[in-house]
Engineer: 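Structure provided below as structure tokens; questions to follow.
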Amino acid sequence: CFYTKVDKDLCIACGSCGALAPDIYDYDDDGLAYNLLDENQGIAKIPQLFEDDLIDAKEACPTDAISLKRNPYKTE
Ligand code: F3S
């Protein structure tokens, strides 16, 4: 299983991730992406159904702003 979050310092609002994985990524008012499943905390397990989209989005991001982990991220 996977967990994901977007590093907003790296995101350039290119829009690829939300196009490829609309069930996982959405954009804030500045057009920066975040994980909509858990407010970008990286603590919600990505449903298996969306895993292919997740990998596609990660690979498509031009700035490598999308990170994936096998375990939940630590909350801040
Ligand atoms: Fe940003 Fe990368 Fe998505 S630049 S909008 S996180 S594909």
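Both counts, for ligands and for their atoms, begin at 1 and track the order of listing.
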Engineer: Write out the residue and atom name of the closest protein heavy atom to atom 4 (S) of ligand 1, then the distance separating them to 0.1 Å.
Structural biologist: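 Heavy-atom neighbour on the protein nearest atom 4 (S) of ligand 1: Ile12 N, 3.4 Å.
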Engineer: Got Asp7 and Ser67 here, is their nearest side-chain heavy-atom distance under 4.5 Å?
Structural biologist: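 No. Closest side-chain heavy atoms not under 4.5 Å.
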Engineer: Could you check atom 5 (S) of ligand 1 against the protein and tell me its nearest heavy-atom contact, residue, atom and distance included?
Structural biologist: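 The protein heavy atom lying closest is Gly15 N, 3.3 Å.
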Engineer: Counting from 1, what ligand 1 atoms have a heavy atom of Ala33 closer than 4.0 Å?
Structural biologist: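 So the answer, numbered in order with elements, is 3 (Fe), 5 (S), 6 (S).
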Engineer: Any link between Val6 and Phe2 through a network of hydrophobic side chains (Ile, Leu, Val, Met, Phe, Trp, Tyr) touching at under 4.5 Å?
Structural biologist: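 Same cluster.
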Engineer: Rounded to the nearest 0.5 Å, how far does CG of Leu68 lie from CD of Glu51?
Structural biologist: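 These two atoms lie 9.5 Å from each other.
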Engineer: Looking at ligand 1, does Tyr27 have a heavy atom less than 4.0 Å from it?
Structural biologist: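 So Tyr27 counts as touching ligand 1.
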Engineer: A side-chain contact here means heavy atoms from C-beta on lying under 4.5 Å apart; do Cys17 and Ile66 qualify?
Structural biologist: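 Yes, at least one pair of side-chain atoms sits under 4.5 Å.
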Engineer: In terms of residue, atom name and distance, what is the protein heavy atom nearest to atom 2 (Fe) of ligand 1?
Structural biologist: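 The closest one turns out to be Cys61 SG, 2.3 Å.
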Engineer: Any Lys/Arg nitrogen of Asp28 or Lys8 sitting under 4.0 Å from an Asp/Glu carboxylate oxygen of the other?
Structural biologist: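 Between Lys8 and Asp28 there is a salt bridge, with a charged N closer than 4.0 Å to a carboxylate O.
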Engineer: Please could you name the atoms of ligand 1 that Cys14 approaches to less than 4.0 Å, counting only its heavy atoms?
Structural biologist: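 Numbered from 1, ligand 1 contributes 4 (S), 5 (S), 7 (S).
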Engineer: Nearest to atom 3 (Fe) of ligand 1, what protein heavy atom do you find, and at what distance?
Structural biologist: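 The closest heavy atom on the protein side is Cys17 SG, 2.3 Å.
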Engineer: Confirm or rule out an N/O/S atom of Cys11, from backbone or side chain, lying less than 2.8 Å from atom 1 (Fe) of ligand 1.
Structural biologist: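 Checking atom 1 (Fe) of ligand 1 against Cys11, an N, O or S atom does fall under 2.8 Å.
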Engineer: Side chains of Tyr3 and Lys45: closer than 4.5 Å at any heavy-atom pair?
Structural biologist: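 Of all side-chain heavy-atom pairs linking Lys45 with Tyr3, at least one is under 4.5 Å.
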Engineer: When you measure from the heavy atoms of Ala60 to every atom of ligand 1, does any distance fall below 4.0 Å?
Structural biologist: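 It does not, in that no heavy atom of Ala60 comes within the 4.0 Å cut-off of ligand 1.
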Engineer: Taking atom types as modelled and ignoring hydrogens, do the side chains of Tyr73 and Thr4 form a donor-acceptor contact shorter than 3.5 angstrom?
Structural biologist: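 Thr4 and Tyr73 do not have a side-chain donor-acceptor pair below 3.5 Å.
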